[in-house]
Chemist: 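What follows is a structure written as structure tokens; I'll ask about it next.
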Amino acid sequence: MSEDIEWSDSFGLEDIKLIWKEKHAAFTSLIKFNNKYFVAFRVGEKHVSSGEIENGYIRVLVSDNLSQWNSIDSLTYNGDLRDPFFSISPQNELLMLCGVNQMENGKIIHDKTVLSSFDKKVNKFRKFSDVIMDDNTRPWLWKIRWCGKTAWGFAYKEGLTPLLMKSTDAKHWTKICSLPVQTENIPSEVDLAFIDKEEMIVVVRNDNGRAVIGRAMPPYLNWKIEPMGIWIGSPNLLVNSHYQLFLTYRLYGNGGIVNFTFSMLDTMELKLIKSLNIFEGSYYDMGYGSSILVDNGKSILTSYYIAGEDNAGIYIAKISTK
């Protein structure tokens with residue numbers, strides 16, 4: 001697990017707070033919008049709906065001070081909602097993207113991506129509407145990132161190469177290219193970040209192999225892909241004003257050990273250079289972090305979840321990067 005990771009004492013785990021409990025919850029997204037902190041996550045009876053039990057829904061929490069959290073919304077849809085993801089549009093509109101699985105007899109019969117926006121007048125999110133992609137072979141836009149007036153994201157379906165898509169409104173998406181990764185490794189979740197000169201960095205989860213990391217300059221057609229040497233899930237990237245790049249992820253180790261880990265990335269060498277375990281243990285159902293900068297970039301807040309047999313917690317960790 002750790003042969004490719006440099007464990008660091010230069011990161012400080014300043015604080016961890018349990019902010020919410022549910023019977024089962026997962027897949028967090030954290031953002032600061034109009035001086036308030038928002039956290040969204042999936043709530044359900046189980047990790048995945050079979051179609052015979054209640055579908056998962058999205059709960060939204062809000063806080064002014066990171067200490068007291070209030071539930072302001074519960075979003076539903078005709079299907080099992082998955083993995084909410086916040087972003088802020090160039091028009092300062094808070095958006096939420098979600099995957100949807102529509103199930104029958106325990107099998108997915110249809111999956112897609114849906115979009116909602118926050119209505120500041122009523123302090124709730126609007127009803128979900130379908131995302132429209134010009135290539136529907138990969139129906140799930142897992143995460144999106146804005147660069148200027150354009151949103152970018154990778155649509156995926158297990159067993160196919162992820163597709164780079166772009167949009168100006170987060171609803172209508174155009175295919176740019178297929179990411180050149182090996183399909184036998186079953187690529188799935190992809191996150192991306194922009195560093196100097198709008199260079200795009202991506203981290204790709206492989207369900208049947210170790211993760212890979214890639215880079216490309218605009219127009220993002222020619223990719224350099226490198227192995228990362230570790231098995232991960234739920235990659236989440238964050239870049240600061242100095243173009244330093246941070247990654248949170250579920251790290252799979254030997255003997256059933258699964259950690260929730262925070263790392264810095266060397267953007268020149270595309271390698272992990274410092275790492276810190278936020279949570280260490282044998283829980284499989286955990287992680288799915290989402291990060292923001294605070295304290296003028298000196299600290300990072302990361303939301304995540306840990307789910308046991310009969311209960312789950314939503315947490316926020318504060319990490320010093322000095």
Side-chain angles (χ1 to χ4, degrees), residues 1-8 11 13 16 18-19 22 24-30 39-44 46-48 56 82-85 99 140 142-143 154 156 158 162 181 185-193 201-213 227-238 245-265 271-292 300-309 311-319:
M1 174 185 70
S2 59
E3 65 270 19
D4 294 293
I5 295 180
E6 174 191 340
W7 300 102
S8 174
F11 293 145
L13 188 54
I16 295 178
L18 172 65
I19 66 167
E22 295 278 358
H24 190 278
F27 316 132
T28 71
S29 186
L30 167 68
V39 172
F41 51 91
R42 178 189 181 271
V43 179
K46 295 183 178 181
H47 188 79
V48 178
R82 319 285 303 169
D83 298 49
F85 184 75
W140 194 351
W142 188 59
K143 289 186 177 182
F154 283 87
Y156 84 86
E158 292 181 359
V181 294
N185 289 332
I186 314 180
S188 57
E189 301 159 349
V190 185
D191 198 9
L192 63 148
I201 305 292
V202 301
V203 174
V204 184
R205 172 182 179 171
N206 284 318
D207 290 345
N208 193 38
R210 301 192 179 206
V212 296
I213 186 168
M228 292 188 71
I230 53 174
W231 292 71
I232 72 168
S234 64
N236 184 85
L237 288 166
L238 177 70
L245 197 55
F246 304 94
L247 175 70
T248 57
Y249 51 100
R250 181 193 284 175
L251 176 63
Y252 298 96
N254 298 322
I257 298 299
V258 183
N259 296 334
F260 181 56
T261 305
F262 172 88
S263 296
M264 179 182 282
L265 281 162
K271 291 181 179 179
L272 302 176
I273 53 174
K274 299 178 185 177
S275 295
L276 167 75
N277 278 334
I278 297 173
F279 177 83
E280 300 177 338
S282 57
Y283 288 98
Y284 172 79
D285 197 6
M286 48 82 80
Y288 280 77
S290 180
S291 303
I292 61 171
I300 291 172
L301 297 178
T302 296
S303 62
Y304 62 101
Y305 79 96
I306 302 173
E309 288 291 329
N311 59 78
I314 305 297
Y315 295 82
I316 291 184
K318 187 175 183 179
I319 302 159

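The basis for the numbers below is simple: all heavy atoms, side chains too, and nothing from hydrogens, waters or symmetry mates.
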Chemist: Nearest 0.5 Å please: distance from the OG atom of Ser263 over to the NZ atom of Lys271.
Modeler: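 Reported value, rounded in 0.5 Å steps: 14.5 Å.
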Chemist: Any chance you could measure Ile300, atom CD1, to Leu238, atom CG, to the nearest 0.5 Å?
Modeler: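 Rounded to the nearest 0.5 Å, the CD1-CG separation comes to 5.0 Å.
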Chemist: Kindly give the heavy-atom pair with the smallest separation between Leu272 and Leu265, and that separation in Å.
Modeler: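 Nearest pair, atom of Leu272 first, then Leu265: CD2-CD2, 3.3 Å.
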Chemist: State, to 0.1 Å, how close Leu18 and Gly313 come at their nearest heavy-atom pair, and which atoms those are.
Modeler: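 Nearest pair, atom of Leu18 first, then Gly313: CD1-CA, 3.6 Å.
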Chemist: Among residues at least two apart in sequence or on other chains, which ones pass side chain to side chain contact (heavy atoms under 4.5 Å, CB included) with Asn311?
Modeler: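 So Asn311 forms no side chain to side chain contact (heavy atoms under 4.5 Å, CB included) with any residue.
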Chemist: Check the pair Phe246 / Phe262 against side-chain contact (heavy atoms from CB on, under 4.5 Å), numbers first and verdict last.
Modeler: CA-CA 7 Å; Phe246 304 94; Phe262 172 88; 3.5 Å; yes
Chemist: Which residues pass the side-chain hydrogen bond (donor to acceptor under 3.5 Å, both in side chains) test with Glu158, sequence neighbours left out?
Modeler: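 Checked Glu158 against side-chain hydrogen bond (donor to acceptor under 3.5 Å, both in side chains); zero matches.
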Chemist: To the nearest 0.5 Å, what is the distance between CG (Asp285) and CZ (Phe27)?
Modeler: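 Here the interatomic distance stands at 7.0 Å.
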Chemist: Holding to salt bridge (charged side-chain N to carboxylate O under 4.0 Å, His left out), I want the full list of residues that pass it with Asp83, two or more places apart in sequence or in another chain.
Modeler: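 Asp83 satisfies salt bridge (charged side-chain N to carboxylate O under 4.0 Å, His left out) with no other residue.
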Chemist: Would you please name every residue forming a side-chain hydrogen bond (donor to acceptor under 3.5 Å, both in side chains) with Lys143, sequence neighbours left out?
Modeler: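 Once residues adjacent in sequence are excluded, the partners of Lys143 under the side-chain hydrogen bond (donor to acceptor under 3.5 Å, both in side chains) criterion are Asn236.
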Chemist: Residues in side-chain hydrogen bond (donor to acceptor under 3.5 Å, both in side chains) with Ser29, at least two apart?
Modeler: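 Listed in chain order: nothing, the list is empty.
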Chemist: Residues in side chain to side chain contact (heavy atoms under 4.5 Å, CB included) with Ala193, at least two apart?
Modeler: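 Leu237, Leu245.
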Chemist: Ignoring hydrogens, what is the shortest heavy-atom contact between Pro187 and Asn206? Give both atom names and the distance.
Modeler: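 Pro187 and Asn206 have their closest heavy atoms at CA-OD1, 3.3 Å.
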Chemist: Can any side-chain N or O of Arg205 pair as donor or acceptor with the backbone N or O of Pro235 at less than 3.5 Å?
Modeler: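 Checking the backbone N and O of Pro235 against the side chain of Arg205, no donor-acceptor pair under 3.5 Å is found.
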Chemist: Checking Phe260 now: which residues fulfil ring pair (Phe, Tyr, Trp, His ring centres under 6.0 Å) with it, not counting sequence neighbours?
Modeler: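 Testing Phe260 for ring pair (Phe, Tyr, Trp, His ring centres under 6.0 Å), a comparison that skips the adjacent residues, returns Tyr304.
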Chemist: Hey, does Tyr249 have a side-chain heavy atom less than 4.5 Å from the side chain of Ile230?
Modeler: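 In contact.
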Chemist: Partners of Tyr156 by ring pair (Phe, Tyr, Trp, His ring centres under 6.0 Å), sequence neighbours excluded?
Modeler: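 For Tyr156, the residues satisfying ring pair (Phe, Tyr, Trp, His ring centres under 6.0 Å) (neighbours in sequence not counted) are Trp140.
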Chemist: Return the orientation label for the Tyr288 and Tyr305 ring planes: parallel under 30°, perpendicular over 60°, tilted otherwise.
Modeler: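 Because their plane-to-plane angle lies in the 30° to 60° range, the rings of Tyr288 and Tyr305 count as tilted.
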Chemist: Step by step, work out the side-chain contact (heavy atoms from CB on, under 4.5 Å) result for Ile213 and Val202.
Modeler: CA-CA 6 Å; Ile213 186 168; Val202 301; 6.0 Å; no
Chemist: Please test Leu247 against Asp191 for side-chain contact (heavy atoms from CB on, under 4.5 Å), starting from the C-alpha separation and ending with a verdict.
Modeler: CA-CA 10 Å; Leu247 175 70; Asp191 198 9; over 6 Å; no
Chemist: Ser303: what forms a side chain to side chain contact (heavy atoms under 4.5 Å, CB included) with it, not counting sequence neighbours?
Modeler: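 Ser303 satisfies side chain to side chain contact (heavy atoms under 4.5 Å, CB included) with Thr28, Leu30, Ser290, Ile316 once adjacent residues are dropped.
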Chemist: Testing the basics here: between Leu251 and Ile232, what is the closest heavy-atom pair and its distance to 0.1 Å?
Modeler: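 Shortest heavy-atom separation between Leu251 and Ile232 comes out as CD1-CG2, 4.4 Å.
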Chemist: Using a 4.5 Å cut-off on heavy atoms from C-beta on, say whether the side chain of Ile257 contacts that of Asn259.
Modeler: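 Yes - at least one pair of side-chain heavy atoms lies under 4.5 Å apart.
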Chemist: For Lys318, what residues pass the side chain to side chain contact (heavy atoms under 4.5 Å, CB included) criterion, not counting sequence neighbours?
Modeler: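 Lys318 satisfies side chain to side chain contact (heavy atoms under 4.5 Å, CB included) with Glu14, Asp15, Val294, Asp295, Ser299, Leu301 only.
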Chemist: Could you pull out the closest heavy-atom pair between Ala307 and Ala25, with the gap in Å?
Modeler: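 Smallest heavy-atom distance, with atoms named: CB-O, 4.1 Å.
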Chemist: Report the C-alpha distance between Arg210 and Met228 in whole Å, list the side-chain angles of each, state the deciding distance to 0.1 Å, and finish with yes or no for side-chain contact (heavy atoms from CB on, under 4.5 Å).
Modeler: CA-CA 7 Å; Arg210 301 192 179 206; Met228 292 188 71; over 6 Å; no
Chemist: Please report the closest heavy-atom contact between Val43 and Glu22, naming both atoms and the distance.
Modeler: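 Answer, listing the atom of Val43 first, then Glu22: CG1-OE1, 3.7 Å.
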